[in-house]
Chemist: 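I'd like to ask some things about the structure below.
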Amino acid sequence: MELFNVYPLNDITPVRALGAQLWDDKGKQYLDFYGGHAVISIGHSHPHYVQRITEQVQKIGFYSNSVHIPIQRELAEKLGEVSDYPDYTLFLCNSGAEANENALKLASFHTGKSHVIAFKGAFHGRTSGAVAATDNPKIVAPFNAGHPITFLPYDLGEVERVLQEGNTCGVIIEPIQGVGGIIMPSDEFLQGLEQLCQQYGAVLIADEVQSGFGRSGRFFAHQHAGVRPDIISVAKGMGNGFPIGGILISPEFKASYGLLGTTFGGNHLACAAALAVLEVIEQENLLEHAAQMGEYLKTELLAHSGAQEVRGRGLMVGIKYDFPIKDVRDKLLTEHHIFVGNASDPTVLRLLPPLNIKRAEVDQFLQALYAIIPAEVRR
Ligand SMILES: Cc1ncc(COP(=O)(O)O)c(C=O)c1O
């Protein structure tokens with residue numbers, strides 16, 4: 001059987017990885033400055049992570065949510081403590097899209113409304129059709145009734161105008177847009193949005209799938225703005241490569257049997273992976289390290305890269321040029337053996353290295369970029 005061919009591939013076959021380094025099947029070494037779309041948070045094959053997963057699978061790898069799974073509680077407790085949300089509850093699933101679907105469903109159940117506000121350039125996943133196609137009144141929320149979405153600019157007046165119509169269940173926002181090209185709403189915008197959601201009874205959902213788990217130098221990117229969303233969705237860096245996602249839910253939401261559900265979500269192995277990530281983040285002080293490395297990277301880029309703009313927080317960085325970056329990205333990979341990402345804006349390079357990236361590795365990336373960008377651009 002052939003694979004359904006939907007991904008353009010680089011002609012590289014990684015077979016081994018450690019930290020921010022990858023090796024292909026020909027023994028060629030690469031620097032990973034992208035982590036497979038922000039998934040690699042604590043570095044590839046971190047010894048503590050490998051040990052935690054190995055020990056878990058030797059005991060039990062999976063059983064469904066019909067029995068007690070103590071490691072789920074262990075994970076919820078640790079996540080509450082490390083993220084500073086000890087009073088929230090945790091629902092576990094398998095991916096970012098699934099986390100957002102559950103967040104929207106919950107918002108819809110909670111308010112009895114269906115309309116959603118999102119923002120221009122946003123990316124929240126590809127599977128919302130799955131909810132829309134379900135015809136079981138016990139499972140579906142009002143959200144299913146066509147789940148109308150309005151995409152707005154970062155304009156509080158526009159948001160209020162739509163909220164005043166009275167049919168909005170939730171507002172979903174990436175505190176830093178990833179796929180959109182590392183675009184940040186201002187802290188004041190997020191604060192105003194929180195206030196409007198409270199005023200009009202809409203659920204504020206922070207999509208931290210890409211920006212969460214330490215990527216921005218705080219545990220969650222919205223914490224830079226001092227806001228407290230009602231629901232926070234997580235995935236990607238949460239499992240460092242093991243598929244896991246979830247939503248953190250404010251105490252205002254009451255759980256009831258059957259409200260949400262999943263087969264694989266919160267399985268033993270996924271929880272072991274996520275716990276290992278949190279333990280490493282804590283033990284290795286990775287929030288502070290990510291903030292410091294991010295500052296260093298951005299300062300250097302602003303001074304020497306010739307970029308029009310350097311955006312982002314911590315180790316979620318976008319470099320915007322006034323020309324398409326495809327050639328730069330290709331050269332970084334083929335000539336300098338460095339993985340970086342692109343964005344829906346073709347003039348933006350997206351950097352998402354592991355949170356424990358070393359300064360020497362940052363320098364390696366910078367030197368490679370400077371060698372590619374023509375001197376007249378860098379002047
Ligand atoms: C902000 C954000 N939300 C949701 C998703 C979807 O996550 P997944 O691909 O795990 O479904 C992504 C993926 O890139 C994302 O960046």
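Both ligands and their constituent atoms are indexed starting at 1 by order of listing.
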Chemist: Within 4.0 Å of atom 9 (O) of ligand 1 (strictly less), any protein heavy atom?
Modeler: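 Not a single protein heavy atom is under 4.0 Å away.
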Chemist: Can you classify the ring geometry of Y154 versus F119 as parallel (below 30°), tilted (30 to 60°) or perpendicular (above 60°)?
Modeler: tilted
Chemist: Quick check on contacts: which atoms of ligand 1 are under 4.0 angstrom from a heavy atom of A97?
Modeler: 6 (C), 7 (O), 8 (P), 11 (O)
Chemist: For Y85, does the six-membered ring have the charged nitrogen or CZ of R228 within the cation-pi criterion, i.e. under 6.0 angstrom from the centroid and within 45° of the normal?
Modeler: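 The answer is yes, since R228 meets both limits relative to Y85.
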Chemist: List every atom of ligand 1 that sits less than 4.0 Å from any heavy atom of N100, numbering the atoms from 1 in the order shown and giving each element.
Modeler: 3 (N), 4 (C)
Chemist: Who gets closest to atom 4 (C) of ligand 1 by heavy atom: Q177, H124, E208?
Modeler: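 Heavy atom nearest to atom 4 (C) of ligand 1 belongs to H124.
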Chemist: Is it the case that ligand 1 has an N or O less than 3.5 angstrom from some N or O of Q210?
Modeler: yes
Chemist: So, regarding E174 and ligand 1 (criterion: nitrogen or oxygen to nitrogen or oxygen, under 3.5 Å), is there a contact or not?
Modeler: no
Chemist: Heavy atoms only: give me the nearest C169-L104 pair and the separation to one decimal.
Modeler: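 Closest approach of C169 to L104, heavy atoms only: SG-O, 4.4 Å.
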Chemist: Would you say the ring centers of F264 and F62 fall short of 6.0 Å from each other?
Modeler: yes
Chemist: Would you mind listing which atoms of ligand 1 come within a distance below 4.0 Å of any non-hydrogen atom of S95?
Modeler: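 Listed by number with element, the hits are 10 (O), 11 (O).
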Chemist: With respect to G96, determine whether any N or O atom, backbone or side chain, lies less than 3.5 Å from an N or O atom of ligand 1.
Modeler: yes
Chemist: Among all the protein's non-hydrogen atoms, which is closest to atom 3 (N) of ligand 1, and how far away is it?
Modeler: D207 OD2, 2.7 Å
Chemist: Within a distance under 4.0 Å of any heavy atom of K236, pick out the atoms of ligand 1 and give their elements.
Modeler: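 Numbered from 1, ligand 1 contributes 12 (C), 13 (C), 14 (O), 15 (C), 16 (O).
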Chemist: Tell me which one of K320, K326, Q308 satisfies side-chain hydrogen bond (donor to acceptor under 3.5 Å, both in side chains) with T347.
Modeler: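 When K320, K326, Q308 are each tested with T347, the side-chain hydrogen bond (donor to acceptor under 3.5 Å, both in side chains) holds only for K320.
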Chemist: With a distance cut-off below 6.0 Å to the six-membered ring centre and an angular limit of 45° from the axis, does R359 pair with Y296 as a cation-pi contact?
Modeler: yes
Chemist: Does E174 come within less than 4.0 Å of R215, counting only side-chain N to carboxylate O?
Modeler: no
Chemist: May I ask you to identify the nearest protein heavy atom to atom 2 (C) of ligand 1, giving residue, atom name and distance to one decimal place in Å?
Modeler: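 Of the protein heavy atoms, F123 O, 3.3 Å lies nearest.
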Chemist: Does H37 reach ligand 1, in the sense of a heavy atom lying below 4.0 Å from it?
Modeler: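 Distance cut 4.0 Å: H37 fails for ligand 1.
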Chemist: Using the ring centroid of each side chain, check whether F365 and F33 are separated by less than 6.0 Å.
Modeler: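 Centroid distance F365-F33: below 6.0 Å, so yes.
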